[in-house]
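A short worksheet on the structure shown next.
Remember, it's a predicted structure, so these values are computed and weren't measured experimentally. Every number for a ligand or one of its atoms is a count from 1 in the order of the listing.
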Amino acid sequence: LVFDTITPNHPIKDGDVLLSGQKTFALGFFSPGKPLNRYVGVWYNKISEKTVVWVANRDNPINDTSGVLAINSKGRLSIYAKYQNSPIWSANLSVFTAKTSSTFIAKLLDVGNLVLMKKDDSFGQSSVIWQSFDYPTNTYLPFLKLGLNRKTGLDRFITSWKSADDPGTGNCTYRMNLTGYPQMILYKGQVPFWRAGCWTGRRWTGVPTMIGMINGFIFNVSYTNNKDETSIMYGINNDTNSVFSRLVIDESGTARRSTWQDQRKEWVEFSYVPAERCDNYGICGRNGKCNQSDASQLECVCLPGFEPHSRDSWDLRDRSGGCMRKGGARTCGDGEGFAKVTRVKLPDTFNARGEMGLNLRECEEKCLKDCNCTAYTSLDETRDGAGCLSWHGDLVDIRTFTNAGQDLYVRVDAVTLAQYAKKSNGSISKTGKLAILLCSVVIFFLLVFIAYWLANRKRISGKERRNTKRSNFSEEGELDDGKTDSDVPLFDLHTIAIATANFSAENKLGQGGFGSVYKGMLSNGKEIAVKRLSRCSRQGSTEFRNEVQLVAKLQHKNLVRILGCCFHEEERMLVYEYLPNKSLDSFIFDEEKRKSLDWRRRFDIICGIARGILYLHQDSILRIIHRDLKASNVLLDAALNPKISDFGLARIFGEDQSEACTNRVVGTYGYMAPEYAMEGLFSTKSDVYSFGVLLLEIITGRKNIDYYEEKSESNLLGHVWDLWKEGRASEIVDPFLDESFVDEALRCIQIGLLSVQEHANDRPTMSAIVLMLGNDSALPSPKQPAFILNRCWAGTGDRASSEGVYNSINIVSCTMVEAR
Ligand SMILES: Nc1ncnc2c1ncn2[C@@H]1O[C@H](COP(=O)(O)OP(=O)(O)OP(=O)(O)O)[C@@H](O)[C@H]1O
């Protein structure tokens with residue numbers, strides 16, 4: 001039987017189902033593992049994979065199918081089983097005074113919350129007296145509030161299951177800790193395991209990727225910290241009933257966020273923590289800081305003014321002892337000040353205090369006066385760094401992030417202060433000021449030198465951009481040489497030469513900016529593609545091999561597999577899996593072949609590419625920005641699954657290539673984000689731009705830079721934008737596509753236009769794009785894209801000054817079209 005309410009007269013029996021109003025969630029009896037262990041739970045009703053989000057009697061299963069979920073006349077919601085007189089489980093009502101005149105009902109809301117309501121007949125008012133959202137199990141759903149309600153004393157937190165088939169109370173919890181200044185912590189037992197940390201005004205300090213997700217695209221977050229409560233709640237923007245996103249704390253203590261992709265009928269994970277070793281709580285000990293450039297390498301350094309507690313154990317990689325102040329105990333001495341430690345996850349706030357009324361300067365003054373104050377920073381990133389957060393003791397669990405994080409000001413003695421440049425607003429003693437003056441002079445000369453160097457570079461940059469190899473590399477810093485494992489096979493030259501018939505012309509698959517590509521066959525019959533890099537890599541063989549080892553560790557079904565490498569004297573080669581269908585451009589821009597790509601195939605290709613890029617940006621160990629995404633760098637396997645190639649090539653090839661060695665493929669300009677083309681600024685958002693171009697090309701079957709409409713004088717992006725504004729975007733969809741998919745195609749066009757918006761900040765992150773592709777939620781309206789010829793900037797006062805600059809870029813792309 002299907003119900004929409006439970007009342008004292010209508011209990012739910014094993015086999016019955018209670019549905020929410022829009023039928024988004026269902027409640028009933030289920031068995032996760034052993035068929036005879038029956039639990040009452042809530043699961044998603046509209047998705048094919050049974051996914052339980054809440055369990056009532058998690059530690060007390062019923063051993064047969066006699067279970068009943070009922071409300072008694074006094075309003076107690078309980079589970080009963082035939083063989084027991086007392087309830088198996090009851091809703092936990094702390095204060096309860098039921099009048100005889102009250103009536104009770106339980107309903108399942110469309111957010112997945114089971115609520116028990118009391119209706120007082122005399123006043124006709126109903127109120128919620130219990131809700132399952134106050135007692136979450138392992139799943140953190142949108143609109144569920146975590147944290148403490150100080151009025152009722154209720155503390156809401158997530159607890160893992162015991163195992164995948166036992167929903168019993170597990171060992172791992174994700175909860176708000178209010179000691180010191182509030183923060184979210186993932187615990188294994190009582191021990192902190194990973195810290196999301198304190199709230200910065202727009203994200204947890206330990207979750208830099210949150211900004212991209214919140215940024216108007218997926219979630220809105222409300223954090224409350226006042227006398228009544230300290231809590232956090234995520235809402236889903238737009239359409240709650242079609243976007244299914246959940247965060248699950250699994251049995252091993254990993255917090256995994258995934259989204260249901262209806263087309264694929266599977267949950268797609270788009271982030272998890274702890275992901276890197278630096279995420280592990282306090283891995284570098286007290287007053288240590290963890291830097292990480294890939295999953296296997298981490299570096300612990302002491303904070304400014306600190307040194308290893310025990311040099312011997314530190315050198316032996318035992319950092320648990322942490323760091324202590326140089327020269328022993330600190331006296332609250334003259335000339336002390338603060339060294340700025342940039343882009344970090346803020347330390348554990350168990351010994352921190354927050355004061356909203358102070359600004360950063362007042363915060364510094366206050367901290368300086370208090371001898372126990374060890375560090376400070378601002379409290380709210382969003383309000384121009386308002387508020388003061390100060391630490392009073394050891395600084396624990398700090399890690400750096402490459403492109404996010406906050407600045408932390410660590411108290412240091414006068415000598416250390418002299419070594420650190422810090423923008424200070426005063427409040428330091430004379431010695432401190434002198435030290436800063438000295439530093440400033442040094443920095444001034446350094447800046448003059450850098451400006452001179454940059455001016456020289458700029459002169460050649462235009463030329464360089466046209467000709468120089470723009471290879472790809474990770475955002476993260478360099479790695480120590482020779483520290484990686486040798487797990488990628490090394491091929492000898494002889495083997496490769498035999499496989500490729502001595503690099504014969506018949507075996508040549510093509511020529512790219514990095515070198516020529518040859519088809520080959522190994523003696524075991526396996527087909528390979530060999531990329532013979534042009535002979536100008538300045539990297540030595542060890543560096544080359546290390547880089548290949550790292551890049552080859554990136555494995556994803558939407559990335560081309562690197563099978564090995566070969567280096568011999570000057571020769572550098574990469575051995576890839578061979579993909580018989582070659583590159584995407586040979587399909588989408590070919591009148592005949594593109595007919596074989598129906599809508600479903602194209603959509604799958606778009607989603608696959610998006611996932612591959614997301615992996616490079618966010619989930620892989622190296623965090624790679626591709627920088628050269630385009631149709632010819634997407635290869636198709638036998639089943640037409642897309643595989644991104646040429647990722648990480650700068651690492652492998654060596655970034656510092658001279659003009660003469662390279663001959664950059666001009667067509668790439670059609671894919672370059674404006675900030676990259678003009679200023680050489682690349683980021684994950686410049687990849688998003690290229691993805692947007694690629695997506696529009698796939699849907700329209702036209703090349704961005706080759707595209708001209710006689711009247712419009714615009715490239716493809718401009719043309720799509722014009723049609724979009726007029727509500728005619730469907731006209732640009734490839735006529736070979738089945739018209740019944742036009743709505744899906746229009747949604748993709750909108751995602752494409754969002755991705756190519758002029759300002760990088762406006763563009764969604766790849767994780768937001770993957771989510772948008774997988775659901776039907778409402779999308780934001782795109783702003784004007786970059787790279788529209790001739791008329792685009794006129795009339796917008798604030799852009800008038802950019803006009804010349806933008807036109808000149810377009811000239812660049814036009815020139816490139818002709819050149820090709
Ligand atoms: N693993 C592979 N399997 C099959 N064909 C491949 C493989 N890798 C590359 N090719 C083919 O080799 C040719 C050259 O590829 P390459 O990646 O070097 O150049 P590109 O993508 O055209 O230019 P760029 O170097 O600027 O990215 C392309 O036609 C591509 O389809």
Side-chain angles (χ1 to χ4, degrees), residues 465-473 491 496 499-500 503-522 526-537 548 551-552 554-566 572-590 593 605 609 612 616 624-654 657 661-672 676 687 690 693-694 697 703 705 816 819-820:
R465 257 186 227 131
R466 241 161 277 136
N467 299 318
T468 304
K469 168 65 67 189
R470 287 175 302 100
S471 38
N472 332 334
F473 63 87
F491 289 84
I496 303 275
T500 59
F503 304 102
S504 69
E506 296 85 72
N507 281 40
K508 189 162 172 174
L509 290 168
Q511 169 83 45
F514 295 95
S516 307
V517 182
Y518 296 87
K519 185 178 174 184
M521 190 184 282
L522 297 174
K526 190 173 175 56
E527 289 185 313
I528 53 170
V530 178
K531 183 164 276 193
R532 193 177 191 186
L533 300 175
S534 34
R535 293 189 175 213
C536 353
S537 172
V548 177
V551 173
L554 304 181
Q555 286 191 17
H556 188 273
K557 63 181 173 190
N558 298 114
L559 298 185
V560 177
R561 281 280 308 268
I562 297 181
L563 303 176
C565 64
C566 165
R572 304 271 182 273
M573 282 176 250
L574 293 169
V575 180
Y576 291 99
E577 62 178 324
Y578 173 74
L579 293 163
N581 274 316
K582 308 236 170 63
S583 43
L584 180 62
D585 59 340
S586 68
F587 270 80
I588 50 170
F589 304 134
D590 182 282
K593 280 170 91 180
I605 289 172
I609 298 170
L616 291 175
I624 295 235
I625 296 175
H626 190 292
R627 298 215 288 166
D628 202 7
L629 288 164
K630 53 182 176 176
S632 69
N633 274 341
V634 175
L635 304 178
L636 298 172
D637 70 8
L640 297 178
N641 294 311
K643 306 223 173 207
I644 298 169
S645 74
D646 280 6
F647 52 91
L649 265 180
R651 294 195 73 114
I652 294 171
F653 196 75
Q657 303 301 311
C661 292
T662 58
N663 93 61
R664 197 58 221 143
V665 180
V666 290
T668 309
Y669 276 92
Y671 295 88
M672 279 167 82
Y676 183 24
D687 274 358
S690 313
V693 175
L694 189 48
E697 289 183 334
K703 281 187 189 171
I705 58 164
M816 291 306 144
R820 190 156 206 176

- request: Check side-chain hydrogen bond (donor to acceptor under 3.5 Å, both in side chains) between Lys531 and all other residues, then give those that pass, not counting sequence neighbours.
  value: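 side-chain hydrogen bond (donor to acceptor under 3.5 Å, both in side chains) check on Lys531 returns Asp646.
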
Could you list the atoms of ligand 1 found under 4.0 angstrom from a heavy atom of [X]?
| X | value |
| --- | --- |
| Ala529 | 1 (N), 2 (C), 3 (N), 7 (C) |
| Lys531 | 16 (P), 17 (O), 18 (O) |
| Tyr578 | 3 (N), 4 (C) |
| Asn633 | 17 (O), 21 (O), 27 (O) |

task: Check whether any heavy atom of Lys630 sits under 4.0 Å from an atom of ligand 1.
output: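 Judged by the 4.0 Å heavy-atom criterion, Lys630 does count as contacting ligand 1.
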
task: Please indicate whether any nitrogen or oxygen in Tyr576 is less than 3.5 Å from any nitrogen or oxygen in ligand 1.
output: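 Such a contact does not occur with ligand 1.
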
- prompt: When only distance counts, is Leu579 in polar contact with ligand 1, meaning an N/O pair under 3.5 Å?
  reply: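 Between Leu579 and ligand 1 (N or O atoms, distance only) the closest approach is under 3.5 Å.
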
Heavy-atom nearest neighbour of atom 6 (C) of ligand 1 within options Asp637, Leu509, Leu629: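 Residue with the shortest heavy-atom distance to the ligand atom: Leu509.
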
- request: Step by step, work out the side chain to side chain contact (heavy atoms under 4.5 Å, CB included) result for Val551 and Phe647.
  value: CA-CA 8 Å; Val551 173; Phe647 52 91; 3.8 Å; yes

task: Evaluate the side chain to side chain contact (heavy atoms under 4.5 Å, CB included) criterion for residues Phe587 and Leu640: first the C-alpha distance (whole Å), next the side-chain angles of each, then the deciding distance (0.1 Å), finally the verdict.
output: CA-CA 10 Å; Phe587 270 80; Leu640 297 178; 3.8 Å; yes

query: Counting heavy atoms only, which part of Ser583 comes closer than 4.0 Å to ligand 1: side chain, backbone, both or neither?
result: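 Both backbone and side chain of Ser583 come within 4.0 Å of ligand 1.
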
Region of Lys519 that comes within reach of ligand 1 [heavy atoms, distance under 4.0 Å]: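 The answer is neither.
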
- request: Evaluate side chain to side chain contact (heavy atoms under 4.5 Å, CB included) for Phe491 paired with Leu522, printing each intermediate quantity in order.
  value: CA-CA 11 Å; Phe491 289 84; Leu522 297 174; 4.0 Å; yes

message: Rounded at 0.5 Å granularity, tell me how far CG in Leu584 sits from CD in Glu697.
response: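 Rounded to the nearest 0.5 Å, the CG-CD separation comes to 8.5 Å.
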
message: With a sphere of 6.0 Å drawn around NZ of Lys593, does it hold more than 12 non-hydrogen atoms of other residues, nucleotides or ligands?
response: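 Atom NZ in Lys593 is packed in, count exceeds 12.
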
query: Which residues pass the side-chain contact (heavy atoms from CB on, under 4.5 Å) test with Asp637, sequence neighbours left out?
result: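 Only Leu579, Ala639, Asn641, Lys643 meet the side-chain contact (heavy atoms from CB on, under 4.5 Å) criterion with Asp637.
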
